[in-house]
There are 2 protein chains.
Amino acid sequence: MAGQREPVIWLRPEQAQVGRPAERSRAEITAVAVELADREGLDAVSMRRVAAALGTGAASLYRYVATRDDLLDLMTDSTAAEYDLPAPSGDWQADLLRVAEQARHIMRRHPWLPGVVITRPTLGPNGADLLEHVLDVLADHPAQPARKLEAFAILNALTALFVQNEAAADAPGAQRQAAYLRHVAQAGHHPRVAALFTTPPEADPPTDRLPAVLIRALAGVLG
Amino acid sequence: MAGQREPVIWLRPEQAQVGRPAERSRAEITAVAVELADREGLDAVSMRRVAAALGTGAASLYRYVATRDDLLDLMTDSTAAEYDLPAPSGDWQADLLRVAEQARHIMRRHPWLPGVVITRPTLGPNGADLLEHVLDVLADHPAQPARKLEAFAILNALTALFVQNEAAADAPGAQRQAAYLRHVAQAGHHPRVAALFTTPPEADPPTDRLPAVLIRALAGVLG
DNA sequence: GGTGTTCGCATACATCGTTCGCGAACAACG
DNA sequence: CGTTGTTCGCGAACGATGTATGCGAACACC
């Protein structure tokens with residue numbers, strides 16, 4: 001784990017201007033890695049597996065990418081290209097909700113994305129376009145620029161948390177957790193936890209809380 | 001990645017009631033792992049390193065823990081024992097802010113915690129106490145029980161995000177990101193991003209946005 | 001056709017989580 | 001006190017990981 005003196009991958013030239021030309025491109029490698037992650041999860045994205053999917057050797061990837069984290073950065077930014085960014089309408093809350101709704105769809109399409117967005121947020125070219133759009137939407141808002149940056153971060157992170165939660169609810173690990181909570185409830189202490197299980201099942205369908213939470217949280221950052 | 005049919009670690013007996021008694025305890029192992037993570041980061045918590053710190057062999061750990069993830073669960077829950085949980089005051093917003101403030105301190109003490117809380121939230125015995133306290137604070141609130149569970153999750157996750165962000169700001173990776181953003185700004189497109197750099201430095205010290213964001217977000221979930 | 005440079009990649013290294021198998025240690029029982 | 005049943009500690013091994021090294025082959029340019 002040395003001090004990583006190299007700049008971000010998007011500041012490094014993709015192709016050397018002399019010598020033997022490369023047989024593949026960053027975009028091609030990124031696409032293969034994203035498809036692999038979509039299909040088998042982030043852990044399946046190992047240098048060897050990605051290389052195999054490309055039909056090359058593992059060490060070859062290091063001609064395109066300095067490290068595996070670079071590859072993850074490329075993958076993350078490539079998903080930011082899936083946004084549709086229309087001109088601001090004048091209602092910044094509505095516009096940001098549109099962005100969040102798209103983020104949710106994109107993250108559902110790429111189940112590995114929420115985890116990456118939360119643990120190592122990254123801005124590449126496409127992410128910069130997205131940030132530009134959000135700043136444009138907030139152009140007339142009186143908040144300080146630093147607050148707007150925080151708002152952008154919260155918009156992404158909160159959406160990722162919500163998508164991750166809804167995915168975890170159907171995962172097999174949820175039953176194990178619920179089983180333990182039931183055990184805690186039956187032990188006698190924790191009456192409030194026990195009440196969670198004796199409460200009658202709610203009639204109304206669970207409503208989507210993302211818009212309400214997001215708008216309020218953004219209001220909290222922007223002051 | 002088999003179907004993990006075993007129950008959560010806290011439902012498995014720590015000591016067998018027959019045969020040779022164990023030389024160590026889960027608590028002892030957890031303490032060593034936490035100390036190691038505090039000092040050298042989560043990646044340093046490998047089975048071999050933890051075992052070495054205990055003065056045993058790596059394979060021995062599997063008598064106490066079925067998998068490394070189990071060890072992480074033990075570590076997470078052990079930090080939940082650091083909360084001080086006084087009786088509810090009647091003002092649930094103030095009480096939850098007290099909880100969040102403690103969470104922030106605990107997470108600053110254990111820099112690896114935010115990442116774990118966000119990516120694999122876990123409830124053990126101490127976490128159950130914390131949940132009980134939060135439910136107690138919200139006892140008179142009319143929201144549905146499921147919403148209160150979401151509120152608990154958001155309280156933890158949002159606090160973790162904030163701590164993680166303030167830690168990332170001083171990390172070496174921040175300069176690399178800033179350098180790229182500066183590059184994007186100078187490229188000409190992205191005028192709003194460019195404005196971030198031409199804006200005069202703000203005089204007022206950056207204020208803590210956690211309380212405002214958290215209270216509003218909680219209001220959003222609880223309806 | 002050299003020449004300079006990069007590319008592809010086989011190989012190797014250190015480390016990881018985890019499994020296997022077995023001798024030793026202990027509790028309970030006679 | 002010996003026997004028995006069971007668990008414990010752990011050396012060794014397996015498969016996988018990310019990455020470094022070194023070199024022959026491929027290309028652009030003069």
Side-chain angles (χ1 to χ4, degrees), chain A residues 1-6 9 12-30 32-33 36-37 40-75 112 116 119-120, chain B residues 1-6 9 12-30 32-33 36-37 40-75 112 116 119-120:
Chain A
M1 308 286 178
Q4 191 71 2
R5 201 156 296 283
E6 301 246 338
I9 186 172
R12 294 191 301 253
E14 169 157 12
Q15 270 271 60
Q17 51 280 61
V18 289
R20 173 176 169 183
E23 296 181 1
R24 270 161 279 268
S25 66
R26 282 180 188 168
E28 189 181 350
I29 294 175
T30 306
V32 166
L36 187 59
E40 304 189 37
L42 237 209
D43 287 345
V45 181
S46 72
M47 302 302 273
R48 278 171 245 259
R49 301 248 336 203
V50 171
L54 283 163
T56 83
S60 308
L61 290 186
Y62 287 90
R63 295 286 179 188
Y64 299 86
V65 137
T67 189
R68 180 174 180 266
D69 284 349
D70 272 356
L71 181 55
L72 296 186
D73 288 347
L74 289 176
M75 292 170 64
W112 49 272
V116 178
T119 54
R120 38 188 349 271
Chain B
M1 308 287 181
Q4 190 72 1
R5 200 155 297 282
E6 301 245 339
I9 188 173
R12 293 190 303 252
E14 169 158 13
Q15 271 271 59
Q17 51 280 64
V18 289
R20 172 179 171 182
E23 296 182 1
R24 270 161 278 266
S25 67
R26 283 180 187 167
E28 189 180 350
I29 294 175
T30 305
V32 165
L36 187 58
E40 303 190 36
L42 238 209
D43 287 344
V45 180
S46 73
M47 302 302 273
R48 276 171 247 257
R49 301 249 309 166
V50 171
L54 282 163
T56 83
S60 308
L61 290 187
Y62 288 90
R63 296 284 179 186
Y64 300 85
V65 138
T67 189
R68 179 174 181 266
D69 285 350
D70 272 356
L71 181 55
L72 296 187
D73 288 347
L74 289 176
M75 292 169 64
W112 48 272
V116 178
T119 54
R120 39 191 345 273

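Each chain gets a letter, A, B and so on, in the order its sequence line appears, and its residues count up from 1. The basis for the numbers below is simple: all heavy atoms, side chains too, and nothing from hydrogens, waters or symmetry mates. These figures come from a predicted structure and were not determined experimentally.
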Integer-rounded Å distance: [N] [atom2] and [X] [atom1]:
{"X": "Leu36(A)", "N": "dT17(D)", "atom1": "CG", "atom2": "C1'", "answer": "15 Å"}
{"X": "Glu40(B)", "N": "dC16(C)", "atom1": "CD", "atom2": "C1'", "answer": "16 Å"}
{"X": "Tyr64(B)", "N": "dT18(C)", "atom1": "OH", "atom2": "P", "answer": "18 Å"}
{"X": "Leu61(A)", "N": "dG8(C)", "atom1": "CG", "atom2": "P", "answer": "10 Å"}
{"X": "Arg12(A)", "N": "dT6(C)", "atom1": "CZ", "atom2": "C1'", "answer": "16 Å"}
{"X": "Asp43(B)", "N": "dT17(D)", "atom1": "CG", "atom2": "P", "answer": "17 Å"}
{"X": "Asp70(A)", "N": "dT19(D)", "atom1": "CG", "atom2": "C1'", "answer": "13 Å"}

With heavy atoms under 4.0 Å as the rule, sort Ser60(B) into base, sugar-phosphate or nothing.
-> base
Enumerate all atom pairs, one protein N or O and one N or O from nucleotides 19-27 of chain C, separated by less than 3.5 Å.
| from | atom 1 | to | atom 2 | distance (Å) |
| --- | --- | --- | --- | --- |
| dA24(C) | N3 | Arg20(B) | NH1 | 3.3 |

Nucleotide nearest Ser46(A) (side chain, heavy atoms from C-beta), chosen from dC9(C), dG18(D), dG17(C) | dG18(D)
Met47(A) has a side chain; which of dT19(D), dC16(C), dG17(C) sits nearest to it?
-> dT19(D)
Quick check for you: to the nearest 0.5 Å, what is the distance between [X] atom [atom1] and [Y] atom [atom2]?
{"X": "Ile9(A)", "Y": "Asp70(A)", "atom1": "CD1", "atom2": "CG", "answer": "4.0 Å"}
{"X": "Asp69(B)", "Y": "Leu74(B)", "atom1": "CG", "atom2": "CG", "answer": "11.0 Å"}
{"X": "Arg63(A)", "Y": "Arg20(A)", "atom1": "CZ", "atom2": "CZ", "answer": "9.0 Å"}
{"X": "Leu42(B)", "Y": "Leu36(B)", "atom1": "CG", "atom2": "CG", "answer": "9.5 Å"}
{"X": "Thr56(B)", "Y": "Ile29(B)", "atom1": "OG1", "atom2": "CD1", "answer": "7.0 Å"}

Do the side-chain N or O atoms of Thr67(B) get closer than 4.0 angstrom to the phosphate oxygens (OP1, OP2) of dT18(C)?
-> yes
Most 5' of Arg49(B) and Thr56(A) on DNA chain C, judged by nearest nucleotide = Thr56(A)
Verify side chain to side chain contact (heavy atoms under 4.5 Å, CB included) between Arg68(A) and Leu61(A), making sure each step is shown before the conclusion.
-> CA-CA 9 Å; Arg68(A) 180 174 180 266; Leu61(A) 290 186; over 6 Å; no
Arg48(B) or Glu23(B): which one's nearest nucleotide on DNA chain D is closer to the 5' end?
-> Glu23(B)
Residues Val32(B), Arg24(B); criterion side chain to side chain contact (heavy atoms under 4.5 Å, CB included); working and verdict | CA-CA 11 Å; Val32(B) 165; Arg24(B) 270 161 278 266; over 6 Å; no
